[in-house]
Colleague: 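I have a structure I would like to understand better, so I am pasting it below and will then ask my questions one at a time.
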Amino acid sequence: MWLIFTAMLALAIVAFVMAAIFRDDAYRAADKQNKGFWLIILGVAVAVNLFVPMLFLQLAGLVATIVFFVDVRPALQQVSGGKGFRRRGRGSSSDGPYGPYNGGR
């Protein structure tokens, strides 16, 4: 059982960190709740997993974590135009939406 509880805690911590990394305007652009809402929900999930040994509350935190990973995070990545930490090979800073900008040449 401790392995399951540890995995739930690890998922909640990773989700909290990812929620903190995305910018606040990405949440508004993705039409999701604001950043503060998700930080509070995921922070409570982390706290419940650490300090409150009630399975019902831990499962509610797990549901919130899964919703963040399945629904919110992909929408934020799409709006942000990135894949989170794997941003290599995305082109140069002078690339436009239809390819590289060549300065009118």
Side-chain angles (χ1 to χ4, degrees):
M1 272 317 259
W2 68 269
L3 184 62
I4 293 172
F5 293 134
T6 304
M8 288 172 31
L9 174 63
L11 281 174
I13 290 172
V14 169
F16 181 80
V17 170
M18 287 185 169
I21 289 174
F22 283 105
R23 295 180 1 194
D24 191 32
D25 60 343
Y27 288 88
R28 288 190 304 265
D31 198 26
K32 301 298 176 186
Q33 293 288 334
N34 60 10
K35 183 176 184 175
F37 172 83
W38 282 106
L39 288 177
I40 289 170
I41 294 295
L42 295 172
V44 168
V46 170
V48 163
N49 280 313
L50 280 175
F51 302 115
V52 182
M54 294 180 65
L55 183 61
F56 176 74
L57 293 176
Q58 290 173 329
L59 289 177
L62 180 64
V63 168
T65 302
I66 290 171
V67 167
F68 180 81
F69 276 120
V70 173
D71 183 40
V72 177
R73 185 175 154 256
L76 293 174
Q77 285 179 340
Q78 185 178 13
V79 168
S80 298
K83 290 285 185 187
F85 299 106
R86 293 177 274 160
R87 295 189 71 109
R88 292 174 291 168
R90 304 253 332 145
S92 72
S93 62
S94 64
D95 283 353
Y98 304 110
Y101 178 70
N102 60 9
R105 290 182 251 158

Colleague: Check the surroundings of atom CG in Asp24: do more than 12 heavy atoms from other residues, nucleotides or ligands lie under 6.0 Å from it?
Modeller: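 Atom CG in Asp24 is packed in, count exceeds 12.
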Colleague: Hydrophobic clustering (ILVMFWY, side-chain heavy atoms < 4.5 Å, transitive) - are Trp2 and Met8 grouped together?
Modeller: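 Met8 and Trp2: separate clusters.
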Colleague: List the atom of Ala29, the atom of Val79, and the distance in Å for their closest heavy-atom pair.
Modeller: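 For Ala29 and Val79, the tightest heavy-atom pair comes out as CB-CG1, 3.4 Å.
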Colleague: Can you name the nearest heavy-atom pair linking Thr65 to Ala15, along with the distance?
Modeller: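 So the two residues come closest at CG2-CB, 3.8 Å.
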Colleague: I would like to know whether Lys32 and Asp71 meet side chain to side chain contact (heavy atoms under 4.5 Å, CB included); could you show each step before the answer?
Modeller: CA-CA 9 Å; Lys32 301 298 176 186; Asp71 183 40; 3.1 Å; yes
Colleague: Within this structure, what is the CZ-CG distance for the pair Phe69 and Leu11, rounded to the nearest 0.5 Å?
Modeller: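 If we round to the nearest 0.5 Å, Phe69:CZ and Leu11:CG are 5.5 Å apart.
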Colleague: Which residue, Val14, Leu50, Val48, forms the side chain to side chain contact (heavy atoms under 4.5 Å, CB included) with Leu9?
Modeller: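 The passing option is Leu50.
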Colleague: Distance-only, no hydrogens or angles: does the Tyr27 side chain make a donor-acceptor pair with backbone N or O of Ala19 under 3.5 Å?
Modeller: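 Flag set: sc Tyr27 to bb Ala19 pair under 3.5 Å.
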Colleague: Distance check, rounded to the nearest 0.5 Å: Leu76 atom CG versus Phe68 atom CZ?
Modeller: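 With rounding to 0.5 Å, CG (Leu76) is 6.0 Å from CZ (Phe68).
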Colleague: Output yes when a side-chain donor or acceptor of Lys35 lies under 3.5 Å from a complementary backbone atom of Arg23, and no otherwise.
Modeller: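 Here the side-chain-to-backbone pair does not exist.
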Colleague: Quick check: is Leu62 connected to Val70 through a chain of hydrophobic side chains (ILVMFWY, heavy atoms under 4.5 Å apart)?
Modeller: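 Yes, it is one cluster - the side chains of Val70 and Leu62 are joined through contacts under 4.5 Å.
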Colleague: Would a single hydrophobic cluster contain both Leu3 and Ile13, if residues Ile, Leu, Val, Met, Phe, Trp and Tyr are joined by side-chain heavy-atom contacts under 4.5 Å?
Modeller: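 No, because Ile13 and Leu3 fall into different hydrophobic clusters, even though each may have its own neighbours under 4.5 Å.
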Colleague: Using 0.5 Å steps for rounding, measure from the CZ atom of Arg73 to the CZ atom of Phe22.
Modeller: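 Interatomic distance, Arg73 CZ to Phe22 CZ, rounded to 0.5 Å: 6.5 Å.
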Colleague: If we only count heavy atoms from C-beta on, is the Gln33 to Val72 side-chain gap below 4.5 Å?
Modeller: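 A side-chain contact is absent here, since even the closest heavy-atom pair is not under 4.5 Å.
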Colleague: Which value, rounded to the nearest 0.5 Å, describes the distance between Ile41 atom CD1 and Phe16 atom CZ?
Modeller: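 Going from CD1 on Ile41 over to CZ on Phe16, the span is 12.0 Å.
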Colleague: Supply the atom-to-atom distance Asn49 CG to Thr6 OG1, rounded to the nearest 0.5 angstrom.
Modeller: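 The CG atom of Asn49 sits 9.5 Å away from the OG1 atom of Thr6.
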